[in-house]
Participant: 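Could you have a look at this structure, given as structure tokens, before my questions?
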Amino acid sequence: MIFDYTVIQANLPLYLSGLLETLKLLGISLLLGLLAALPLALMRVSGRRWVSGLAWLYTYVIRGTPMLVQLFLIYYGLAQFAAVRESVLWPMLSNATFCACLAFAINTSAYTAEIIAGSLRSTPHGEIEAARAMGMSRSLMYRRILLPSALRRALPQYSNEVIMMLQTTSLASIVTLMDLTGAARTVNAQYYLPFEAYITAGAIYLCITLVFVRLFKLAERRWLAYLSPRKG
């Protein structure tokens, strides 16, 4: 089997455009998902059962249903309701990019909330006692001690979530977006070369993953150095 480099070379601008679309979807989704995950994580560790229960129900439903189903419900499902089509939100909900980012953000917010909540629960008791000894209020303790510490310790798990979301963005091509996978599908449809089309996309995804892994390793080395065992 001979790899047809000429087709890939001729379509590099299409792949580059798809790569930029993928990174845009990923960046927006992760940002919105993280912003939503922070209050959800605080709700999950709340001492009030009804508050914790509401957050648990949200994360359970989102994590318990396929991402593709969630995307279809937002992009195709909402359009069947006349109230939605006649609302001021319809210009946004009829936009594929908005719907994809919304679906991805909702999905990652549930997983990220559980990651941060788990990190908050594992906070060393000494940090809490030290904050109380200094007379910090509960809100100040969370803002200055608990959340920064939990976010640092959540880096290894969150890096996995970022990589998983990178792979998840490939679903965007199903709702007409020309992301990296969409570019590969277009090349395959035009030239009937599935191996060349998809192996190129796969190689680009792999390169992005390696970059993210490296960046998170550097971040962990900087912010989690105090957790490393001391050399005797």
Side-chain angles (χ1 to χ4, degrees), residues 1-37 66-76 78-79 91-112 155-222:
M1 182 178 62
I2 300 176
F3 193 93
D4 193 342
Y5 294 98
T6 58
V7 170
I8 301 304
Q9 186 176 6
N11 286 276
L12 281 179
L14 180 61
Y15 278 103
L16 177 59
S17 176
L19 171 60
L20 294 177
E21 183 70 15
T22 291
L23 293 177
K24 181 180 76 172
L25 292 171
L26 179 65
I28 295 174
S29 303
L30 289 175
L31 176 61
L32 296 178
L34 182 59
L35 291 176
M67 176 70 251
L68 185 59
V69 171
Q70 297 166 19
L71 180 59
F72 280 172
L73 284 175
I74 293 175
Y75 186 66
Y76 295 113
L78 294 178
M92 291 184 294
L93 292 174
S94 60
N95 182 278
T97 300
F98 178 85
C99 290
C101 288
L102 179 60
F104 296 156
I106 289 173
N107 187 268
T108 191
S109 70
Y111 286 93
T112 305
L155 274 175
Q157 294 83 2
Y158 186 64
S159 65
N160 293 329
E161 172 60 17
V162 170
I163 292 170
M164 288 299 298
M165 279 304 302
L166 171 63
Q167 318 305 332
T168 300
T169 58
S170 62
L171 297 176
S173 62
I174 298 176
V175 292
T176 73
L177 291 179
M178 189 59 69
D179 68 329
L180 192 52
T181 301
R185 293 175 65 179
T186 300
V187 171
N188 178 44
Q190 290 179 351
Y191 301 96
Y192 302 102
L193 295 172
F195 185 83
E196 287 86 343
Y198 290 108
I199 201 68
T200 301
I204 297 174
Y205 278 117
L206 181 60
C207 290
I208 302 172
T209 299
L210 291 174
V211 171
F212 279 134
V213 168
R214 181 60 179 166
L215 290 175
F216 273 103
K217 286 296 182 183
L218 291 175
E220 291 173 28
R221 189 178 303 170
R222 176 176 180 179

Participant: Quick one, L210 and R214 - any side-chain contact, counting heavy atoms below 4.5 Å?
Facilitator: no

Participant: Answer whether the closest heavy-atom distance between the side chains of L25 and C101 falls below 4.5 Å.
Facilitator: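 Yes, at least one pair of side-chain atoms sits under 4.5 Å.
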
Participant: Any side chain to side chain donor-acceptor pair (under 3.5 Å) involving residues 6-18? Give me the pairs, sequence neighbours left out, ordered by first then second residue.
Facilitator: D4-T6

Participant: Which residues satisfy the ring pair (Phe, Tyr, Trp, His ring centres under 6.0 Å) test with Y5, sequence neighbours excluded?
Facilitator: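 Partners of Y5 under the ring pair (Phe, Tyr, Trp, His ring centres under 6.0 Å) test: F3.
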
Participant: Find out whether I208 and L19 are in side-chain contact, i.e. whether some heavy atom of one side chain is under 4.5 Å from a heavy atom of the other.
Facilitator: yes

Participant: Show me, pair by pair, the donor-acceptor contacts under 3.5 angstrom made by side chains of residues 186-194, not counting sequence neighbours?
Facilitator:
residue	atom	partner	partner atom	Å
T186	OG1	G182	O	2.9
N188	OD1	L193	N	3.4

Participant: Tell me, with the steps shown, if L73 and Q70 meet side chain to side chain contact (heavy atoms under 4.5 Å, CB included).
Facilitator: CA-CA 5 Å; L73 284 175; Q70 297 166 19; 5.7 Å; no

Participant: Taking only residues two or more places apart in sequence, or in another chain, which ones meet E21 in a salt bridge (charged side-chain N to carboxylate O under 4.0 Å, His left out)?
Facilitator: K24

Participant: Quick one: CG on L155 to CG on L218, what's the gap to the nearest 0.5 Å?
Facilitator: 11.5 Å

Participant: When rounded to the nearest 0.5 angstrom, what distance separates CG in N107 from CE in M67?
Facilitator: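 The distance works out to 5.0 Å.
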
Participant: Just jot down the side chain to side chain contact (heavy atoms under 4.5 Å, CB included) partners of L35, sequence neighbours excluded, or say none.
Facilitator: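 If we apply the side chain to side chain contact (heavy atoms under 4.5 Å, CB included) test to L35, skipping adjacent residues, the hits are L31.
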
Participant: I'd like to check the side chain to side chain contact (heavy atoms under 4.5 Å, CB included) partners of L78; sequence neighbours left out, ordered by chain and number.
Facilitator: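 Listed in chain order: I74, V84, L93.
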
Participant: With sequence neighbours left out, what residues match Y76 under side chain to side chain contact (heavy atoms under 4.5 Å, CB included)?
Facilitator: F72, V175

Participant: For S29, check side-chain hydrogen bond (donor to acceptor under 3.5 Å, both in side chains) against everything at least two apart and list the hits.
Facilitator: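 None.
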
Participant: Test side chain to side chain contact (heavy atoms under 4.5 Å, CB included) on I28 and F104; report intermediate values, then the result.
Facilitator: CA-CA 9 Å; I28 295 174; F104 296 156; over 6 Å; no

Participant: Nearest 0.5 angstrom please: M178 CE to L20 CG, how far?
Facilitator: 13.5 Å

Participant: Measure the CD1-OG1 distance between I204 and T200 for me, rounded to the nearest 0.5 Å.
Facilitator: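 So the CD1 of I204 and the OG1 of T200 are separated by 6.5 Å.
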
Participant: Can you measure from CG (L177) to CG (L171) and round to the nearest 0.5 angstrom?
Facilitator: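 Taking CG in L177 and CG in L171, the distance rounds to 11.0 Å.
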
Participant: Could you report the tightest heavy-atom contact between S109 and A37, atom names first, then the distance?
Facilitator: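 What the structure gives for the nearest pair is O-CB, 3.6 Å.
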
Participant: Report the C-alpha distance between E196 and V7 in whole Å, list the side-chain angles of each, state the deciding distance to 0.1 Å, and finish with yes or no for side chain to side chain contact (heavy atoms under 4.5 Å, CB included).
Facilitator: CA-CA 8 Å; E196 287 86 343; V7 170; 5.9 Å; no

Participant: Who pairs with S173 by side chain to side chain contact (heavy atoms under 4.5 Å, CB included), at least two apart in sequence or on another chain?
Facilitator: D179, T181, R185

Participant: Give the table of side-chain donor-acceptor pairs shorter than 3.5 Å for residues 158-167, with sequence neighbours excluded, one pair per line with atom names and distance.
Facilitator:
residue	atom	partner	partner atom	Å
S159	OG	P156	O	2.5
E161	OE2	T108	OG1	2.7
Q167	NE2	I163	O	3.4
Q167	NE2	T209	OG1	3.4

